[in-house]
Protein chains: 2
Amino acid sequence: MRSYRQYCPIARALDLVGERWTLLVVRELLLQGPCRFTDLRNGLPGIASNLLSGRLKELEEAGLISREEAPPPIATTLYALSPTGRALEPVLRALGMWGLQLLADEREEDAFQPHWLAYASSCFTTDGDPGAPPVVIQLLASGRAALIEIGPGGVQARVGRALAPDLTLEGRPRSALDLLTGAIDLAAATRAGLIATGNLDVLTRLRPIASIGRPPVEN
Amino acid sequence: MRSYRQYCPIARALDLVGERWTLLVVRELLLQGPCRFTDLRNGLPGIASNLLSGRLKELEEAGLISREEAPPPIATTLYALSPTGRALEPVLRALGMWGLQLLADEREEDAFQPHWLAYASSCFTTDGDPGAPPVVIQLLASGRAALIEIGPGGVQARVGRALAPDLTLEGRPRSALDLLTGAIDLAAATRAGLIATGNLDVLTRLRPIASIGRPPVEN
DNA sequence: CCGGATCCCCAGGGATACTG
DNA sequence: CAGTATCCCTGGGGATCCGG
């Protein structure tokens, strides 16, 4: 394993998770929970299968993930984050917060999956009315689904489909993001091609934290 | 520039700072402030000069650093973080907090510089007596010097030498780290080869935050 | 001495094909 | 479905060289 050979916590951390794709693998495991090889591959468009295989092996050796042979009816191996791996969440949150500004330019060639947006949303918003009953927002795109759950645990993101979401958002990721950050209102988002169905009031539950929503920094 | 091509804030962030050495360059600029090419190279033992040059160019294009021609008597170009670059600090803090556990094993071949430890310390401690007058701890190793400043701004780290530090620590990095995290007391640190001179009481000003100092996680 | 640029070589990453 | 095998290529490591 390649190392920076520096007695520095940051360098040591990067020794383990600084290689290409590694933190994105952690992102997927964090959002999807225990999942199969194929689930990871689907959540990481562009990764080569040998590379994913190699990363999983390295991460297991480093103690960041565990590999478990699930009994039937699953009958396959599941990958899951260990506590040490889950402890990387603040790193992903910080990276995600910093990277938000970079989403201002929407590139047509970029892949998109709704759980990425759900996670971003859970990072930059808090529950605006913690006492109120829990609500669920469904995000749909590219034939996949993710959820933003607002409840006692705060704002949480996960992959999956809800039976009866309070609100469903579907459409161009940029307009959904702008709506969730509070950069635009629902009318503008709809005009930008977003389809929102359900109880639109649940959007008021999502309170974007300060210091986001500014235009992309040019300097 | 190589990109993950994913419309996800984490992936976009890694597009810019995910390559080898990049975040360590940011670490140095954050700790050293505006500095010369050689200062950066010294703070990044192991980096090839062409690679450092390349990274600086990329970071400038991305708007994370600025290059400035300083007038005499400096008469050289200084590199400095832009506001966007400085905004990466939470990322480095999170990585540093996570990487702390990895410092449990001390490898003889690893390079060490005192400002790395100073920064780590500023991440995992708070001022235990905010009302008290400011104090300065000097760290010495490998012929270099760094400072931990405890004052109105909290606990801050920077490269440099103090005229009259309240406390000076010199010796094996592991024992200094263990002392600062509270894992061992001063007597044990001294026994482990640490040399402490000055007012030893200032150590009580550094209050390690919870959830650190545990032994290295094996699972 | 500082601030790089150039060159060569190899390991790690990307794409695709193939197999249990 | 869950990877492995293969081939190619790019980016990184290391040394050296060069202008100011």
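Just so we're on the same page: letters track the sequence lines, and every chain starts at 1.
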Would you classify A:Gly54 as touching base, sugar-phosphate or nothing, given that sugar-phosphate means primed atoms plus P, OP1 and OP2, and contacts are heavy atoms under 4.0 Å?
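Nothing, no heavy atom under 4.0 Å.
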So, are B:Glu58 and B:Arg55 salt-bridged, with charged N and O less than 4.0 Å apart?
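The answer is yes: the pair qualifies as a salt bridge.
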Pairing of A:Arg172 and A:Glu108 as salt bridge, 4.0 angstrom limit
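Here A:Arg172 pairs with A:Glu108 in a salt bridge, since their nearest N and O are under 4.0 Å apart.
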Roughly how many Å is it from CG in B:Asn42 to P in C:dC1, rounded to a whole number?
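Atom-to-atom, B:Asn42 to C:dC1, this comes out as 13 Å.
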Would you indicate, yes or no, if C:dG12 has its OP1 or OP2 atom less than 4.0 angstrom from a side-chain nitrogen or oxygen of A:Trp21?
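Looking at the OP1 and OP2 atoms of C:dG12, neither is under 4.0 Å from any side-chain N or O of A:Trp21.
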Examine C:dG12: is either OP1 or OP2 under 4.0 Å from a nitrogen or oxygen in the side chain of B:Arg20? Give yes or no.
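Answer is no, no contact under 4.0 Å.
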Between the protein and nucleotides 2-4 of chain C, list the N/O to N/O atom pairs that are separated by less than 3.5 angstrom.
unit_1	atom_1	unit_2	atom_2	d
C:dG3	OP1	B:Thr76	OG1	2.5
C:dG3	OP2	B:Thr38	N	3.1
C:dG3	OP2	B:Thr38	OG1	2.5
C:dG4	OP2	B:Tyr79	OH	2.4

Between CG on residue A:Leu88 and CG on residue A:Leu16, distance to nearest 0.5 Å:
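Answer rounded to 0.5 Å: 9.0 Å.
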Positive for side chain to side chain contact (heavy atoms under 4.5 Å, CB included) with A:Phe37, one of A:Asn42, A:Leu56, A:Thr77:
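Exactly one pass, corresponding to A:Leu56.
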Lys/Arg cation over aromatic B:Tyr4: A:Arg20, 6.0 Å, 45° cone
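Yes, a cation-pi geometry holds between A:Arg20 and B:Tyr4.
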Tell me which residues in residues 23-35 of chain B put a heavy atom below 4.0 Å from DNA chain D, sorted by number, or none.
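Result for residues 23-35 of chain B: none.
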Can you find a donor-acceptor N/O pair under 3.5 angstrom joining the side chain of B:Asn50 to the base of D:dG14?
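For B:Asn50, whose side chain was compared with the base of D:dG14, there is a donor-acceptor pair (under 3.5 Å).
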